[in-house]
Amino acid sequence: MLSLFRRTRPQGSTADAAKERLQILLQHERGDRATPDCLPQLQKEILAVIERYMRVGDDHVDIKLERGDELSTLEINIELPGARALTTRGAA
Amino acid sequence: MAKIIVVTSGKGGVGKTTSTAAIGAGLAMRGKKTVVIDFDVGLRNLDMIMGCERRVVFDFINVIQGDAKLKQALITDRRLENLAVLPTSQTRDKDALTQEGVGKVLDELRKDFDYIICDSPAGIERGAHLAMYYADEAVVVTNPEVSSVRDSDRVLGLLASKTRRAEKGDGGVPAHLLLSRYDPARVARGEMMKMEDILEILSIPLLGIIPESPAVLKASNLGTPVTFDTKSNAGRAYEDAVSRLIGEQVEMKMQALEKPGLFSRLLRRTA
């Protein structure tokens with residue numbers, strides 16, 4: 001019975017969820033078309049800047065993106081080698 | 001040893017991506033480490049069906065071209081940690097896929113996953129060819145409809161001749177039939193070819209019958225593989241197909257043959 005009630009109100013339906021997902025995604029995709037694939041370049045440049053000051057391997061970079069309606073978040077995690085890794089590498 | 005499975009059909013719109021997501025999720029639900037890969041370069045959609053479209057950073061093409069590490073391009077499912085998605089590029093075209101590049105990525109994935117499910121694009125061009133080339137097994141998705149059956153037959157020919165297994169003389173890629181959008185009521189009225197007829201024409205083993213079901217559209221609206229909808233006919237049919245894929249003997253239940261009454265139909269919809 002709950003379902004009958006819910007179906008009389010279109011809000012919260014799966015069709016609405018589909019529309020919302022598409023609106024958010026397409027808004028981003030249409031915007032991205034002007035600058036395709038800037039992320040690999042962004043990653044290279046960020047690494048280059050950081051490498052000027054400290055040692056990092058490109059295996060230790062993790063980039064996460066979450067596209068949202070109001071705002072998107074770009075999360076970049078760079079793992080730096082610990083003291084031990086640095087001294088063994090220095091000795092080698 | 002990891003197994004590479006291609007989900008293919010020749011014809012478009014028969015349910016390849018739905019089936020890739022559903023089989024991938026089903027394998028992960030059974031505890032198998034599974035990755036699903038989108039081979040439809042330029043028209044990516046597996047990410048939407050899996051519900052991770054807002055989290056795509058790097059893709060399959062970035063990895064092939066050395067612009068990103070495989071680890072960075074893989075998106076771990078938020079519902080099941082042993083399920084991952086490798087999305088494709090939305091901006092490049094299929095020429096960005098190279099046989100050598102695809103081979104290298106698959107070899108790397110073999111180390112970490114039990115099952116690698118390749119979602120083929122429609123057609124028989126480069127993307128479809130490379131999706132099937134390295135496969136150990138194929139799932140051929142077919143609708144009970146003349147053009148779909150004809151295209152499946154064409155694809156079976158390619159699996160037997162244009163794949164690595166065929167080149168090595170291993171007799172091509174063994175294929176299973178996944179019959180989808182099957183409507184037993186229309187079959188009973190003689191409006192739709194029956195499963196036995198399609199099996200007779202294609203003569204490959206049957207992996208499962210997925211009934212025409214409203215749950216499939218609902219799942220795609222939400223970005224949830226339909227296998228997670230364990231109360232739906234389609235979800236259960238995919239669960240059975242997955243059990244057969246991993247070698248279990250499961251009776252071929254015709255999930256939708258029992259015609260549900262009005263009340264049970266209403267109840268099912270709430271699920």
Side-chain angles (χ1 to χ4, degrees), chain A residues 1-8 10-47 56-79, chain B residues 41-45 47-76 78 87-93 96 108 214-224 226 229 231-232 262-271:
Chain A
M1 285 305 110
L2 198 70
S3 76
L4 288 175
F5 180 61
R6 204 182 294 149
R7 257 186 297 144
T8 56
Q11 270 176 352
S13 69
T14 66
D16 283 342
K19 185 183 175 195
E20 196 193 318
R21 291 173 63 215
L22 278 170
Q23 278 174 331
I24 294 172
L25 183 72
L26 295 184
Q27 203 182 318
H28 285 283
E29 281 189 349
R30 286 170 187 154
D32 288 350
R33 230 168 268 164
T35 54
D37 274 338
C38 65
L39 283 166
Q41 191 58 32
L42 173 76
Q43 174 177 293
K44 273 189 206 131
E45 288 175 23
I46 287 177
L47 264 176
V56 271
D58 56 358
D59 266 357
H60 301 285
V61 183
D62 186 30
I63 300 191
K64 285 202 176 81
L65 183 68
E66 179 86 49
R67 295 180 176 88
D69 195 7
E70 294 293 313
L71 83 167
S72 298
T73 55
L74 180 68
E75 189 185 319
I76 301 176
N77 273 308
I78 300 172
E79 205 179 294
Chain B
V41 185
L43 289 172
R44 92 170 158 225
N45 267 321
D47 56 333
M48 279 229 98
I49 301 305
M50 294 295 294
C52 64
E53 74 278 1
R54 292 192 216 172
R55 298 165 61 208
V56 176
V57 184
F58 296 119
D59 58 54
F60 193 16
I61 305 299
N62 291 143
V63 178
I64 287 176
Q65 299 188 338
D67 291 329
K69 302 281 173 201
L70 179 59
K71 197 178 69 178
Q72 297 177 320
L74 285 172
I75 304 172
T76 304
R78 286 212 167 120
T88 193
S89 167
Q90 178 71 341
T91 49
R92 314 292 185 85
D93 64 43
E108 212 178 326
V216 173
L217 180 59
K218 200 155 79 174
S220 101
N221 281 345
L222 296 171
T224 316
V226 73
D229 187 352
K231 294 206 173 78
S232 71
L262 178 68
F263 192 64
S264 67
R265 270 213 309 258
L266 285 176
L267 281 180
R268 192 165 290 156
R269 243 174 242 175
T270 61

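Chain A is the first sequence line, chain B the second, and so forth, proteins listed ahead of strands; every chain is numbered from 1.
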Seminar exercise, completed: With chain A, the option among B/Lys71, B/Arg54, B/Glu53 that has the most non-hydrogen atom pairs under 4.5 Å is B/Arg54

Exercise. Considering only heavy atoms from C-beta outward, does the side chain of B/Lys69 approach that of B/Phe58 to under 4.5 Å?
Worked result: no

Exercise. Of all the residues in residues 67-76 of chain A, which have a heavy atom that comes within less than 4.5 Å of a heavy atom in chain B?
Worked result: A/Arg67, A/Gly68

Problem set entry | Contacts of type ring pair (Phe, Tyr, Trp, His ring centres under 6.0 Å), residue B/Phe60, not counting sequence neighbours | B/Phe39

Problem set entry | Partners passing side-chain hydrogen bond (donor to acceptor under 3.5 Å, both in side chains) against A/Glu45 (at least two apart in sequence or in another chain) | A/Gln41

Problem set entry | A/Lys19 and A/Asp16 ion-paired at < 4.0 Å | no

For this session: Counting only heavy atoms closer than 4.5 Å, note whether A/Lys44 contacts chain B via side chain, backbone, both or neither.
Result: side chain

Problem set entry | Side-chain donor/acceptor of B/Glu108 to backbone N/O of B/Leu70, under 3.5 Å | no

Problem set entry | Heavy-atom pairs under 4.5 Å with chain A, option from B/Val56, B/Ile75, B/Leu217 with the top count | B/Val56

For this session: Please determine if B/Asp229 and B/Lys231 form a salt bridge, counting it only when a charged side-chain N lies under 4.0 Å from a carboxylate O.
Result: no

Problem set entry | side-chain hydrogen bond (donor to acceptor under 3.5 Å, both in side chains) involving A/Glu66 - partner list, sequence neighbours excluded | B/Arg78

Exercise. Does the B/Asn62 side chain pair with the main chain of B/Asp59, one donor and one acceptor, at a distance under 3.5 Å?
Worked result: yes

Exercise. Is it the side chain or the backbone of A/Ile63 that comes within 4.5 Å of chain B heavy atoms, both, or neither?
Worked result: both

